> 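Could you have a look at this structure, given as structure tokens, before my questions?
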Amino acid sequence: MRELPKTYDPKVVEKKIYDMWMAGGYFKGVIDPEKKPFTIVIPPPNVTGQLHLGHAFDETLQDIIIRTRRMQGYAALWVPGTDHAGIATQIKVEEQLRAEGKTRFDLGREAFLERVWQWKNQYGSRIIEQLKTLGSSCDWDRERFTMDEGCSRAVREVFVALYEKGLIYKGNRIINWCPTCTTAISDAEVEHEEQEGGLWHLKYPVKDSDAFLVVATTRPETMLGDTGVAVHPEDKRYAHLVGQSVILPLMEREIPIIADDYVDMEFGTGTVKMTPCHDPNDFLVGQRHGLEQILVLDGDARINENGGKYQGLDRLEARKAVLADLEALGLLVKKETHRRNVGTCYRCSTTVEPMTSPQWFVKMEPLAKEALEVVEDGRIEFIPDRFIKIYRNWMENTHDWCISRQLWWGHQIPAWNCTVCDHITVSRTDPMACEQCGSDQIVRDADVLDTWFSSALWPFSTLGWPEETPDLAYFYPTSVLVTAYDILFFWVARMIVAGMEQMGEVPFHKVLLHGLIRDAEGRKMSKSLGNGIDPLDVIETYGADALRFNIVTGNSPGNDIRYHDERCEAMRNFANKIWNAARFVMMNLTITDNSLPEALELEDKWVLSQFNQVAKEVNENLGKYELGIAAGKIYDFIWDTYCDWYIELTKPRLNGEDEAGKIGAQRVLLYVFTEVLKLLHPFMPFITEEIWQALPVEGEAIMIESYPAWRADLDFPVEEARFEKIMAAVRAIRTRRSEMNVPPSKKSTVRIATEDPETFEAGQVYFGKLAYASELTITADAPDDLQGLVSVVTKDARMFLPLAELVDLAAERVRIDKEMAKAQENLDRILKKLTNENFLAKAKESVVTAEQEKADKARALIQNLEESRRQLEE
RNA sequence: GGAGGCUUAGCUCAGCUGGUUAGAGCGCUCGCCUCACACGCGAGAGGUCGAUGGUUCAAGUCCAUUAGUCUCCACCA
């Protein structure tokens, strides 16, 4: 047994304990036909990433779950890994190159990719090492990367399979273009942001007429690509013009006036310029009316060769130039200020430009149907279930998913274009020739896939798919996916889609969606605000256990939490409390095992029974993923029940002369302590393991002990109730003394009058320690003469302390009257229920019985108070 | 425009399928260095659970309306 220092120091412990776990191989997921599997795959953090509180939240929840299941006897597997994070990583390396005065084009694709891999190998393990500081019990031997060989094979297989089924296609469609990242991004990757902008009214002259049509636009530069003007079919103002054309100013292009009910007659002038290449709605209208498509922007959002003299201008410069020219021509009617939502790139916040571009898409509609079904029918359960609605809403309105990215870092699309016949060959193995014309003049598509495409396969690609591996057979489908609600669409939805399509099975049975961590003011943590909190600093200051416990308590699924340092401090204090309980237990220990004694005292049965109840409830809460509630119950048990009461209760025995009593107290003390440490272990793995290692108990590590569960032989409801009587008496005496400002150093005799002397005699020894009694007398009746005595009353006892010199009788009367009034009020409320026939008829029997018991208790208290009041008057 | 969350003690939040006198942490007041712990111990003050209406024997908990607030989706140029 080791001597423990007075204060718990997580810094010296955590690293050591983690290494011990690793050396023990306890994190390893082992296929065991005798056991049920329990699998979690980690939401792979970006390789470019640094640990932030969001990760800490996510990992903590997963670690609590997986540690619990492991202890409950499941074959637990937590698969870790990282995500190649296409754009984010490529940007990092490009920044590095820029510092050297180079661009990726200077290097060329191959050399550039080599640089990225180099970068990945150098920094990619950083986030993994940081995850370990939290105590994450991942099976690190199974660590995966979305671009490793296996995952890449999975990606290719899925791409080809979907292509063969016609669910992936290439098309020239309107997409969101980020001019900074110079790539297409999906709808989900566009964030909308309300901005103040202009609404310009432009005059378009009607051909062969003096008339004009006035159109309104927020992006005047796009007029260079206008190929029509639309009005509403029922708009009488313009009906006569439909079929005619206008001359597009500046470009001097004749474009048709068309009628389409997309146009809102009420808005603006009721006429809309049509730019099919640069507006999604115009694109659709254009398709309906066969409008010409003219792309006027290039990849850097500069006007291209179709923009005439404006070629080369940036989109905003072009706007100025176009407006100036129109004004000079007298064609600019007015400018209004206008608030509108602008789409921005979620990676770099640049305003995205809608434009037509040849890209690859996944047809979502046929896939979304089944993916929605499995959530609707409960094959996949969302926790909390309100996210089903959000999910449904998205699934029912999903657009085709643009999956190609004009990047280099990522999974290159396995498609080859034939320069002879234009056929596209998509293949699982690199083709030598065009599958249609046989020409060897084929060029591989330069684009890579959206990072989320590979993430979508994560639950099965990490288990070995497309190979039929034993892991896949045993551990798939996974049990629960834990992630923040903000990637419900990006990731969760697409995993469900991919799982159903490829595996014909759900990728996970449950999805635990948690909130975001905000700062103390409720703001999102971000680099620009500078309000980010580094979990590594927190761990350094308070310890990983404190951080974990802070995150998990006082929070319910799906809700955001604000991070407060003070809460971490409170949890650090809790860790220290446990630490000192351990010190107490150990310094009193002469035994070397934690088996229970044969003879149990009243308070032993009380604490065992209390623990039993907590163990039961904690298991239930954990089963329902109510981690915060479970944590709270353990906290309360340890602090209140075990430390504040039970430890104090054992002191007389431990310091007494009776050898059997001493040993008995030690055994129960140690037993309950080790059990509750196990219960707590998933939440606070480090300190519980450190203490376990110091305790003289069997078992090489607490993390592989079995999780406590309810035991019929430790259920002592009768003794619990009896002991509560003693506790109530002790509390009453303390309160009374406190009210009278009696210092703890001033002891007094206590005489107890009770109808249940047996119980109080069993608890006799504790009044000295807990109620500052110098001597205790237990009788059936109250003393005849109350002269010089202060009375304290509970429903089960009246207690008399010779402290009368400290109070005056008048104040005493007032106090008792007040207590009596309160008790009477309480009784009245209960009786109101019990005399209500409807209540008696309709309420559950257990509820009625409980009310009756309450009434009895209230009556007993009042009776005792009355007795004291009467005696006071004598 | 559509959907959802939140509104409970001074602050930050729990409160599961409706049923004790609504809880915790921090803060506050009073008394304690009591032989595990002052990162502590004991005692206490503090809430008409946003508002209104309803269902029910019973509502912080369910339903409707409403206010404030946050978020997501859509995007009328």
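Quantities reported herein were computed from a predicted structural model and do not represent experimental measurements. Naming: A, B, ... by sequence-line order, numbering from 1 per chain.
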> Any donor-acceptor pair under 3.5 Å linking the side-chain atoms of A:Ser748 with those of A:Lys746?
no
> How far, in whole Å, is B:A58 from B:U20 if one measures between their C1' atoms?
13 Å
> Could you measure between the two C1' atoms, the one in B:C62 and the one in B:G15, and give it in whole Å?
16 Å
> I'd like the P distance from B:A14 over to B:U8, given in whole Å.
11 Å
> Find the runs of at least 3 consecutive base pairs, i with j, i+1 with j-1 and so on, that include RNA chain B, using Watson-Crick or G-U wobble geometry with both distances under 3.5 Å.
B:1-7 with B:67-73, B:10-13 with B:23-26, B:28-32 with B:40-44, B:50-54 with B:62-66
> With rounding to the closest Å, how many angstrom separate the C1' atoms on B:U71 and B:A77?
27 Å
> Within the supplied structure, the quantity of interest is the number of heavy atoms (other residues, nucleotides, ligands) at a distance under 6.0 Å from A:Lys633 NZ; does it exceed 12?
yes
> Looking only at N and O atoms, is any donor in the side chain of A:Lys6 or the base of B:C37 less than 3.5 Å from an acceptor on the other one?
no
> Counting side-chain heavy atoms from C-beta on, which of B:G4, B:C73, B:C39 comes nearest to A:Thr7?
B:C39
> Provide the distance between the two C1' atoms, one in B:C70 and one in B:G54, to the nearest whole Å.
28 Å
> Choosing from B:A43, B:A36, B:C37, which nucleotide comes nearest the side chain of A:Lys651?
B:A36
> Could you work out the separation of B:U12 and B:U52 based on their C1' atoms and round it to a whole Å?
29 Å
> Quote, to the nearest angstrom, the C1' distance that separates B:G44 from B:C39.
22 Å
> So for A:Asn393 and B:C73, does any side-chain atom that can act as donor or acceptor lie under 3.5 Å from a complementary atom in the base?
no
> Is there a side-chain contact between A:Asp279 and A:Arg219, using heavy atoms and a 4.5 Å cut-off?
yes
> Taking the minimum atom-to-atom distance to the side chain of A:Lys854, which one of B:A77, B:U71, B:U21 wins?
B:U21
> Quick one: are the ring centres of A:His514 and A:Tyr485 less than 6.0 Å apart?
no
> Between A:Tyr646 and A:Phe673 (judged by ring centroids, cut-off 6.0 Å), do the two rings come close enough to count as a pair?
no
> Assess whether a salt bridge exists between A:Lys857 and A:Glu853, defined as any Lys/Arg side-chain N lying under 4.0 Å from an Asp/Glu carboxylate O.
no
> Can you tell me how far C1' of B:A24 sits from CD of A:Glu566, to the nearest Å?
15 Å
> How would you label the contact of A:Arg572 with the nucleic acid (heavy atoms, under 4.0 Å): base, sugar-phosphate, or nothing?
base
> Counting side-chain heavy atoms from CB outward, which of B:A14, B:G42, B:C13 is closest to A:Asp644?
B:G42
> If you only use heavy atoms from C-beta on, which nucleotide in B:A14, B:C35, B:G40 is closest to the side chain of A:Lys769?
B:C35
> How far, in whole Å, is B:C28 from B:A9 if one measures between their C1' atoms?
12 Å
> Can you identify which nucleotide, out of B:C16, B:A77, B:A3, has its nearest atom closest to the A:Lys624 side chain?
B:C16
